[in-house]
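Report on the structure given below.
Just so you know, these numbers come straight off a predicted model, no measurement behind them.
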Amino acid sequence: MILSLQLRSAGSYYDKEVCMLSNHSLHHIEHPHLQADCEQCYGLCCVALPYGKSSDFAFDKSSGTPCPNLREDYRCGIHTQLRQKGFKGCTVYDCFGAGQKLSQVTYADRSWRTHPETAREMYDCLPVLRQIHELISYMREVMMRPDTSSLHASLEKAYPDVARLSDLEPAALLQLDITSHRANVNTLLIQASEIVRSSAPATTKAKGKPKGKKRSGMDFLGANLQGTDLRGTSFRGALMIAANLRNADVRNADWIGADLRDTDLGGADLRGGIFLTQSQLNAAMGSADTLLPDHLSKPSHWR
């Protein structure tokens with residue numbers, strides 16, 4: 001049972017808000033603990049995560065090795081020039097607030113530098129806690145959408161147990177079967193996707209390509225879908241690297257797990273979409289006339 005696992009005595013971040021979630025629209029409420037706050041983190045992603053030299057990173061780095069750009073104060077020395085210096089991958093990573101939670105709560109303001117004996121454990125906890133926070137963010141999104149109100153009661157019932165996973169001690173976090181917990185909630189997330197996609201509004205474009213063949217997975221890789229009617233499409237887990245969606249009507253689409261690196265969203269209409277994250281948009285290309293859901297922002301590199 002989830003509740004039998006060892007929890008931190010400080011209590012959950014989330015208990016006080018569970019009963020209020022369905023009473024707010026998504027763009028009227030923020031949850032800073034689910035958003036990365038580098039000022040409150042000990043640069044965990046800059047140390048814990050490995051990466052290879054590519055278009056996203058300028059050189060190879062192994063897990064547990066601090067990035068050379070990480071300063072003694074745990075800040076990035078090239079933060080304002082990451083893209084220009086070849087570290088585009090850093091600009092699109094989102095820990096969903098797991099970094100500061102580990103730094104300030106789970107490890108009670110003890111860093112990997114001052115307590116090297118727990119460093120490896122801290123690094124291993126980061127991807128686990130990130131998945132928990134990501135799952136919480138998806139649940140919250142559904143619970144705050146008026147069009148998924150039929151699922152609110154079921155999600156509010158499941159929410160506390162998932163939220164409390166965030167407060168587990170490190171040893172319990174590392175023993176957690178996160179796949180099982182995701183599977184338990186995924187049924188509700190899929191139902192939410194079906195509701196949102198089936199209620200896609202009628203097209204407002206006088207002209208445009210009709211819906212093409214049904215695609216999935218790697219079928220979107222580099223695909224030219226400019227101006228296409230993609231309303232209500234499921235992009236779940238799709239590889240959409242370098243796909244062209246310029247001026248496409250992509251309202252009420254499901255974006256969960258979609259890889260949008262270098263996807264061209266210029267002039268596309270993404271309103272009403274579900275499970276679209278800011279980090280996905282940060283990985284994509286867009287323009288001033290791209291239309292987004294209210295709770296998301298256009299990245300600074302879009303033109």
Side-chain angles (χ1 to χ4, degrees), residues 1-15 17-18 21 31 33-37 41-42 44-45 47-51 63-64 89 92-107 112 118-143 151 154-193 217 234-239 254-259 274-280:
M1 294 290 293
I2 296 173
L3 297 181
S4 68
L5 296 174
Q6 187 178 9
L7 301 175
R8 295 201 59 80
S9 59
S12 174
Y13 272 18
Y14 311 103
D15 290 343
E17 299 177 51
V18 173
L21 288 174
H31 309 288
H33 42 271
L34 293 178
Q35 300 169 0
D37 183 356
C41 178
Y42 288 119
L44 289 181
C45 64
V47 185
L49 304 180
Y51 53 73
S63 175
V92 304
Y93 176 75
D94 186 357
C95 72
F96 289 92
Q100 69 256 25
K101 179 69 181 288
L102 284 171
S103 297
Q104 301 298 328
V105 180
T106 310
Y107 285 91
W112 48 271
T118 61
R120 184 71 261 173
E121 181 185 70
M122 186 181 291
Y123 304 155
D124 292 341
C125 284
L126 179 62
V128 178
L129 188 57
R130 181 193 179 279
Q131 289 186 68
I132 294 171
H133 279 207
E134 181 182 23
L135 184 58
I136 291 170
S137 73
Y138 291 145
M139 295 176 73
R140 286 187 168 209
E141 178 176 353
V142 177
M143 293 163 69
L151 299 174
S154 296
L155 279 162
E156 287 171 0
K157 183 178 180 181
Y159 185 90
D161 285 348
V162 176
R164 290 188 186 104
L165 297 177
S166 174
D167 293 322
L168 292 174
E169 296 282 357
L173 272 176
L174 295 178
Q175 294 173 5
L176 194 63
D177 184 359
I178 189 64
T179 301
S180 175
H181 289 289
R182 291 183 72 99
N184 292 337
V185 176
N186 195 46
T187 299
L188 292 171
L189 300 185
I190 290 175
Q191 290 178 29
S193 170
S234 174
F235 297 113
R236 292 175 69 91
L239 289 174
D254 180 350
W255 299 93
I256 197 167
D259 189 339
I274 190 168
F275 306 136
L276 180 63
T277 67
Q278 188 64 50
S279 61
Q280 286 173 305

Let me confirm one number: the CG-CG distance from Leu165 to Leu176, rounded to the nearest 0.5 Å.
5.5 Å

Is there a side-chain hydrogen bond (donor to acceptor under 3.5 Å, both in side chains) between Ser103 and Gln100? Walk through the geometry before answering.
CA-CA 5 Å; Ser103 297; Gln100 69 256 25; over 6 Å; no

Is it the case that the side chains of Lys101 and Ser166 hold a donor-acceptor pair, with the cut-off being a distance below 3.5 Å and no angle test?
yes

Applying ring pair (Phe, Tyr, Trp, His ring centres under 6.0 Å), name anything that partners Tyr42, two or more places apart in sequence or on another chain.
Tyr74

Trp255 and Ile274, any side-chain heavy atoms less than 4.5 Å apart:
no

Smallest heavy-atom separation, Ala163 atom then Ile136 atom, equals CA-CD1, 3.7 Å

How close do Leu102 and Cys125 get, heavy atom to heavy atom, and via which atoms?
CD2-CB, 3.8 Å

Taking Pro50's backbone N and O only, do any of them form a donor-acceptor pair with Ser63's side chain (distance below 3.5 Å, no angle check)?
no

Any side-chain heavy atom of Met122 within less than 4.5 Å of one from Tyr107?
yes

Rounded to the nearest 0.5 Å, the OH atom of Tyr138 sits from the CG atom of Leu34 at a distance of 12.0 Å

Side chain to side chain contact (heavy atoms under 4.5 Å, CB included), that's the test. Do Asp254 and Phe235 meet it? Break it down for me.
CA-CA 6 Å; Asp254 180 350; Phe235 297 113; over 6 Å; no

Distance col, row Tyr159:OH vs Ser154:OG, nearest 0.5 angstrom, shows 16.0 Å

Pairs where residues 179-191 contributes a residue and the test salt bridge (Lys or Arg N to Asp or Glu O under 4.0 Å) is met, not counting sequence neighbours:
Glu134-Arg182

Heavy atoms of Ala36 and Cys95 approach each other most closely as CB-SG, 3.9 Å

Side-chain heavy-atom pair His133, Leu129 within 4.5 angstrom cut-off:
yes

Note: Phe275 and Glu141 closest approach over all heavy atoms is N-OE2, 3.0 Å

Rounded to the nearest 0.5 Å, the CD atom of Gln280 sits from the OG1 atom of Thr277 at a distance of 3.5 Å

Exam field: side chain Arg130 to backbone Asp94, donor-acceptor pair closer than 3.5 Å:
yes

Passing option when Leu168 is tested against Leu173, Leu174, Ile132 for side chain to side chain contact (heavy atoms under 4.5 Å, CB included):
Leu173

Please examine the side chains of Ile190 and Arg236, heavy atoms only from C-beta on, and report whether any two atoms are closer than 4.5 Å.
yes

Please report the C-alpha distance between Leu135 and Gln131 in whole Å, then the side-chain angles of each, then the deciding distance to 0.1 Å, and finally whether the side chain to side chain contact (heavy atoms under 4.5 Å, CB included) criterion is met.
CA-CA 6 Å; Leu135 184 58; Gln131 289 186 68; over 6 Å; no

As a quick check of understanding, evaluate side chain to side chain contact (heavy atoms under 4.5 Å, CB included) for Val47 and Tyr123, giving each step before the final call.
CA-CA 8 Å; Val47 185; Tyr123 304 155; 3.2 Å; yes

Please identify which of these residues, Leu155, Val185, Asn184, meets the side chain to side chain contact (heavy atoms under 4.5 Å, CB included) condition with Val162.
Val185

Approximate separation, where rounding is to 0.5 Å, of Met143 CE and Leu188 CG:
10.5 Å

Partner set under ring pair (Phe, Tyr, Trp, His ring centres under 6.0 Å) for Tyr93, not counting sequence neighbours:
none

Distance in Å, Ile256 CD1 paired with Leu189 CG, rounded so as to fall on 0.5 Å steps:
5.5 Å

Go through the steps to decide whether Leu126 and Leu49 satisfy the test side chain to side chain contact (heavy atoms under 4.5 Å, CB included), and finish with yes or no.
CA-CA 9 Å; Leu126 179 62; Leu49 304 180; 4.3 Å; yes

